[in-house]
K.L.:
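Before I ask anything, let me first share the structure, which is written out below as structure tokens.
Below, chains carry the letters A, B, ... as their sequence lines are ordered, and counting in each starts from 1.
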2 protein chains.
Amino acid sequence: MKNIHCDAYHVFFKNLANPLKIGIIAELKEKPSSVNELSEKLNVEQSKLSHSLANLRFCSLVNSKQVGKKRVYSLNKKTILPILKIIDKHRQTECTGCKVK
Amino acid sequence: MKNIHCDAYHVFFKNLANPLKIGIIAELKEKPSSVNELSEKLNVEQSKLSHSLANLRFCSLVNSKQVGKKRVYSLNKKTILPILKIIDKHRQTECTGCKVK
DNA sequence: TATTCATATGAACTCATAGTCATATGAAAA
DNA sequence: TTTTCATATGACTATGAGTTCATATGAATA
């Protein structure tokens, strides 16, 4: 995802096609967090998170604001939550045998 | 996507994180089509399409029925279209600088 | 302004997944 | 029942996204 623009659906969806990023989203769904907080909660190394967060930010799926030394990330719930809801429903009604968690 | 189940969001989204599959979806949005029809319209080789279609079927994003020698694929519009709509809106309102087409 | 804390970035590496090609399967018509 | 048309499948390769590690940047405090 370097040097290209979010100019196609698939670029956007790459953010959702990755377990770590889904994990980040799940965490931020609960509450805004700094990189270190995410690192502890998810037990994932800092730079790994920063890279992932950069992608999420790139497509405006998360926002960030500087708070003291920390940078706090928050989820763009307006877009993500409805999408996840649709998938949940899809799983129940259409996707027999598929288990989305 | 072999030997694993559609048991997580990211497996589902992998189908949308790929230009070809998005192209297939765009075609099937217009009308149900056989593999050969897709091959001509998208100018993509047959086996490539069959592989992609297998993934899409795996997550119930498309359905298929045998019609004579052909197998006709159709889009599961109930799930996909609302999602694409959300992205379109996201692009307009949240994703300044991003151009989803 | 030097130091420390917090995060971002770059480059190299790894590995998953899309793509390729040859071949198998399956349905219908001859 | 053989041939042809249509699609699926398997194995291999290549591409690109995720990971890692070292280092840079940036904010705040001493």
K.L.:
To the nearest Å, give me how far apart CD1 (A/Ile24) and P (D/dG18) are.
P.N.:
11 Å
K.L.:
Should A/Leu20 and A/Val62 be regarded as members of a common hydrophobic cluster, given that ILVMFWY residues are connected when their side-chain heavy atoms come within less than 4.5 Å of each other, either directly or indirectly?
P.N.:
yes
K.L.:
Whole angstrom is fine here: how far is it from NZ in A/Lys14 over to C1' in C/dA16?
P.N.:
12 Å
K.L.:
Tell me, which of residues 25-32 of chain A have any heavy atom that sits under 4.0 Å from an atom in DNA chain C?
P.N.:
none
K.L.:
Look at the side-chain N and O atoms of B/Lys21 and state whether any lies under 4.0 Å from the OP1 or OP2 oxygen of C/dA18.
P.N.:
yes
K.L.:
Protein-nucleotides 4-7 of chain D N/O pairs closer than 3.5 Å?
P.N.:
| residue | atom | partner | partner atom | Å |
| --- | --- | --- | --- | --- |
| D/dC5 | O4' | B/Lys69 | NZ | 3.2 |
| D/dT7 | OP1 | B/Val35 | N | 3.3 |
| D/dT7 | OP1 | B/Arg71 | N | 3.3 |
| D/dT7 | OP2 | B/Asn36 | N | 3.0 |
| D/dT7 | OP2 | B/Asn36 | ND2 | 3.1 |

K.L.:
Can you tell if the side chain of B/Lys78 reaches within under 4.5 Å of the side chain of A/Lys89, non-hydrogen atoms only?
P.N.:
no
K.L.:
Give the minimum heavy-atom separation between B/Val44 and B/Ser39, together with the two atoms involved.
P.N.:
O-OG, 2.6 Å
K.L.:
Is there a side-chain contact between A/Asn18 and the phosphate of D/dA17, meaning an N or O under 4.0 Å from OP1 or OP2?
P.N.:
no
K.L.:
For B/Ser52, give me all partners under side chain to side chain donor-acceptor pair (under 3.5 Å), at least two apart in sequence or on another chain.
P.N.:
none
K.L.:
Figure out the CG/P separation between B/Leu49 and C/dG19, and round it to whole Å.
P.N.:
10 Å
K.L.:
Using whole Å, what does the distance between atom C1' of nucleotide C/dG19 and atom CG of B/Leu53 come to?
P.N.:
15 Å
K.L.:
Identify, with sequence neighbours excluded, every residue that meets side chain to side chain donor-acceptor pair (under 3.5 Å) alongside B/Lys77.
P.N.:
none
K.L.:
Quick one: side chain to side chain donor-acceptor pair (under 3.5 Å) partners of B/Asn18, sequence neighbours excluded?
P.N.:
none
K.L.:
Who passes side chain to side chain donor-acceptor pair (under 3.5 Å) against A/Ser64, sequence neighbours left out?
P.N.:
none
K.L.:
With side chains defined as the heavy atoms from C-beta onward, is the minimum distance between A/Leu42 and A/Leu49 less than 4.5 Å?
P.N.:
yes
K.L.:
What is the separation between atom NZ on A/Lys48 and atom P on C/dA11, rounded to the nearest whole Å?
P.N.:
21 Å
K.L.:
Pick the closest DNA chain D nucleotide for A/Gly68 and for A/Ser52 by heavy atoms, then say which residue is nearer the 5' end.
P.N.:
A/Ser52
K.L.:
Could you tell me how far apart B/Phe13 (CZ) and D/dA17 (C1') are, to the nearest whole angstrom?
P.N.:
18 Å
K.L.:
Which word best sums up how the rings of A/His90 and B/Phe12 line up, parallel for under 30°, tilted for 30 to 60°, or perpendicular for over 60°?
P.N.:
perpendicular
K.L.:
Tell me the interatomic distance from A/Phe58, atom CZ, to C/dA8, atom C1', rounded to whole angstroms.
P.N.:
16 Å
K.L.:
Please report, rounded to the nearest Å, how far the P atom of D/dA17 is from the CG atom of A/Leu16.
P.N.:
15 Å
K.L.:
With a 3.5 Å cut-off and heavy atoms only, can you find an N or O donor on one side and an acceptor on the other between the side chain of A/His51 and the base of D/dT20?
P.N.:
yes
